[in-house]
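Reviewing the structure listed below.
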Amino acid sequence: MNSTMDKIREIEIGNLKPATFIRDQVAAISEAVGNGVAVNALSGGVDSSVVTLLGHRALGPRLKTYFIENGIMREGEAKRVAALFRRLGVKVEVIDARKQFFSALAGIDDPEQKREAITQTFYKTVFGPLVKKSGARFLLQGTNYTDVEETVAGVKRQHNILAQLGIDTVKTFGYTVLEPIIQLRKTGVRKVARLLDLPKEIWDRPPFPGPALAARVIGPVTPERIAIVRAATAIVEQELASSGAFQYLAILHQDKVTGVRGGRRQFGLQIEMRCWESTDAVTATPTPLPFAKLALLADRITDEVDGVVSVTYNVTKKPPSTIEAV
Ligand code: XMP
């Protein structure tokens, strides 16, 4: 597997010339796709946003951009992202795939099996037919250097790693995967995003995992449990947006605990909050948030999210923790 890393040459931040990078990647996409059509999935994160604009520059309307509504995204994402890119001149088609994702995730507890179910649903069940319909032979995706590194090291199987795991995408899914930002880490991607004139709300956005809120639900992933973690996430994101932290999130635990509400016992849910200082997500330390902020978060989450009776804050470093829970 180390030979995989040897083949991909990292462009370190000090060596990155964003304008040259953009020119080279646009040319590479044009050359690979020729007169054909390519598709890509836009999630609204900085990685897929950069790839969308690189692809759009190279191919114009011959790049078909989809937002996959998988049911496990944050509140209001599909509408927000589609509207933002419409303003940038990129048409985004929203595909409702909620049923497919929830049925693939049904009954799965194991983290790596969840990731595998999401990968298969995304590439095979959802993108297979879309690619066929569009006549595309290429899928553009925003795999970055850290995604490959973590998967190859066996830490976590990132949802978007295929060729590096020996998966022949043409044979398995019927299309070639192009990865224009695979040599960059997040800081490099953000630099490129700024030069592409993406708005600050995109290039400055905290990272969000490909498996989305499913990476933050311990145990079964159901629409009801996603709704709980989604509501807690919205509160954590509102309260910590100005913290300057690298990433902040809410996790729904599987175990319940005894609480008390209105003088009566409530055997309820537990939410764990995490807030990280990091530059590359490879190592991270917990942000020393003021206790008053933590207390406010606990109050809001227990008041506003149905069934939650316990809120905790994780103070463990990565390693041995990871940033997400699953
Ligand atoms: P972990 O949890 O491995 O996360 O410490 C490191 C960084 O990567 C994000 N992450 C993912 N990103 N696909 C992605 O595109 C994934 O499967 C995935 N899992 C985690 C995570 O949010 C953090 O920024």
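All values derive from a computational prediction rather than experimental measurement. We count ligands from 1, going down the list as the structure has it; atoms in each ligand are counted the same way. Just so you know, these numbers use all the heavy atoms, side chains as well, and skip hydrogens, waters and symmetry mates.
- For atom 21 (C) of ligand 1, the nearest non-hydrogen atom of the protein is E324 OE2, 3.4 Å.
- Here the heavy atom of the protein found nearest to atom 7 (C) of ligand 1 is A281 CB, 3.7 Å.
- Of the options K318, Q141, R274, K114, the smallest heavy-atom separation from atom 5 (O) of ligand 1 is shown by K318.
- Taking the ring centre of W203 as origin, the terminal cationic atom of R194 falls inside the region bounded by 6.0 Å and 45° from the ring axis.
- Just one residue in the list V221, I228, I251, V229 forms a side-chain contact (heavy atoms from CB on, under 4.5 Å) with L213, and that residue is V229.
- Contacts between P207 and ligand 1 below 4.0 angstrom, taking non-hydrogen atoms only, involve the side chain exclusively.
- For atom 2 (O) of ligand 1, the closest non-hydrogen atom on the protein side is K156 NZ, 2.5 Å.
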Could you walk me through whether T285 and S278 pass the side-chain contact (heavy atoms from CB on, under 4.5 Å) check?
CA-CA 7 Å; T285 53; S278 178; over 6 Å; no

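- For the side-chain hydrogen bond (donor to acceptor under 3.5 Å, both in side chains) test with D47, the passing option among T52, N144, T143 is N144; the others fail.
- Close approach of ligand 1 to T322 is summarised as follows: ligand atoms under 4.0 Å from at least one heavy atom of the residue are 1 (P), 2 (O), 5 (O).
- By the 6.0 Å and 45° rule, R74 stacks over the aromatic ring of F208.
- Under the 6.0 Å cut-off for aromatic ring centres, F122 and F127 qualify, their centroids lying closer than that.
- Distance from atom 4 (O) of ligand 1 to its nearest protein heavy atom, with residue and atom name: I323 CB, 3.9 Å.
- Considering both main-chain and side-chain atoms, G210 comes within under 3.5 Å of ligand 1 through a nitrogen or oxygen pair.
- At least one donor-acceptor pair closer than 3.5 Å links the side chain of Q270 to the backbone N or O of D255.
- Any N or O atom pair closer than 3.5 Å counts here, and P211 shares no such pair with ligand 1.
- In terms of protein heavy-atom proximity, atom 13 (N) of ligand 1 is nearest to H159 ND1, 2.9 Å.
- In this structure, atom 18 (C) of ligand 1 lies nearest to the protein heavy atom Q158 OE1, 2.9 Å.
- Atom 24 (O) of ligand 1 has Q247 OE1, 2.7 Å as its closest protein atom, hydrogens excluded (heavy atom only).
- Under 3.5 Å, the side chains of T322 and E324 contain no donor-acceptor pair of N or O atoms.
- Among protein heavy atoms, atom 17 (O) of ligand 1 sits closest to R115 NH1, 2.8 Å.
- Under the 4.5 Å side-chain heavy-atom criterion for Ile, Leu, Val, Met, Phe, Trp and Tyr, L294 and V309 are members of distinct hydrophobic clusters.
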